[in-house]
Amino acid sequence: MGNSIQHLAEGVSLVASAKTWVEGKAIQQLQQTAKLIGMRQVVGMPDLHPGRGYPVGAAFFSVGRFYPALIGNDIGCGMSLWRTTLDRSKHPAEKLEKRLGNIDGPLDEDWRDSVAALDLAASGYEASLGTIGGGNHFAELQQLDEIYDSAALQALALDKRQLLLLVHSGSRGLGQEILRAHIERFNHAGLVDDSAEAAEYLAQHALALRFAQANRRLIALRMLERLRGEGAPVVDLDHNLLCRASMSGTSGWLHRKGATPADAGLVVIPGSRGDHSYLVEPVADEASLLSLAHGAGRKWMRGECKDRLSARHTVQQLSRTALGSRVVCHDKHLLYEEAPEAYKAIDSVIAALQEAGLVRLLARLKPVLTYKTCGEDCA
DNA sequence: ATGTGC
């Protein structure tokens, strides 16, 4: 097993193979972040790409203080995989799309008891619960495409006949407001261990994680109701979060920004909306800060997508993918920004993780129908 | 990313 964790500088490494495309700007951001006070170790995942000041697709370990800005605005954003009772052969994409209709708006009164049962603290963002949001968020019906470990899949009660549902969403406006208020008071200086301000942020962060997890659950339940099916969660993991951790015996803070925990059970690593997703068993390794890639990672900046693609593809063409799936995205700009070509190939990301000995593949999943947004269009 | 800005 070849080790493809590259050492870039003292405390800076990158999980990448020769085939992994990583932008220079993202590496620069990784190096800069490593210089923050108290930062001990930073690791870029193979899906590393530039963010606003700090890179996305990385884990950061600090001692003595932590940095809310590294977690970003979508605190608790994550990936939730559900098994469903929906028979894949009876549910072609067109039928799923029709039954789903428009799920952009807030949940109606019928959901009051289900929401109350989640026992969330008042946040002021209740209207966003059960909604997917924008950017790279999505909810996708998938089918099992290749099985590499049939015993593991059987143990999870997953089989090729049933559709799966993968939900990618976060804490919506709540996480955004928590970060905004934090930056207003402290800029990018971070918070010192055991300070009252640190405790305050950690309490808000905990609320945002709960909100985001509840949001993904409500999105899944809402979709299952529309599709007249039932389901249960198989995996639910955040990839934007802060936690206490111990590395080489030293206690500190582990920041994950677009990095999935490798020490909390099975992981789904999605490709773009026109690519496969993988269900993997992670290997928790301190060399990769107990983390994995959270997806394919952007290859193109959002702003350049429309110019690069509008000559090549119509909106109609982008609503169908190379894997035969449908994409519901009635926001034209977003459809271009989220086009498969704007992302790295998922196989290059998975290969780098495999070469580093960080994952064992259990199954490959294939998209059937992706829901992003209906805008004003759908019924 | 965003109960979305000029």
What nucleic acid atoms does [X] come within less than 4.0 Å of, heavy atoms only: base, sugar-phosphate, or nothing?
X	result
G170(A)	nothing
G124(A)	base
R180(A)	nothing

Residue pair S169(A) / N215(A), side-chain donor-acceptor N/O under 3.5 Å: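 Judged by distance alone, the side chains do pair up.
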Provide a list of protein-nucleic acid N or O atom pairs under 3.5 angstrom, restricted to nucleotides 4-6 of chain B.
none

Aromatic plane relationship, Y201(A) with F66(A) - under 30° parallel, 30 to 60° tilted, over 60° perpendicular: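 Ring orientation of F66(A) relative to Y201(A): tilted.
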Plane angle bin for Y67(A) and H255(A) - parallel if under 30°, tilted between 30 and 60°, otherwise perpendicular: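 The arrangement is tilted - the two ring planes meet at 30° to 60°.
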Test: R273(A) and E337(A) ion pair at under 4.0 Å: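 Looking at E337(A) together with R273(A), the answer is no, because their closest N to O distance does not fall below 4.0 Å.
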Distance, rounded to the nearest Å, where Y125(A) contributes OH and dT2(B) contributes C1':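 In whole Å, dT2(B) C1' and Y125(A) OH are 9 Å from each other.
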N73(A) CG to dT2(B) P, straight-line distance once rounded to whole Å: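 Nearest whole value for this atom pair: 7 Å.
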Stepwise salt bridge (charged side-chain N to carboxylate O under 4.0 Å, His left out) test for E341(A) and R308(A): CA-CA 10 Å; E341(A) 284 133 304; R308(A) 296 180 90 134; over 6 Å; no
Summary of disulfide bond (SG atoms under 2.5 Å apart) pairs that have at least one residue in residues 229-340 of chain A, sequence neighbours excluded: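 Passing the test, one end in residues 229-340 of chain A: no pairs.
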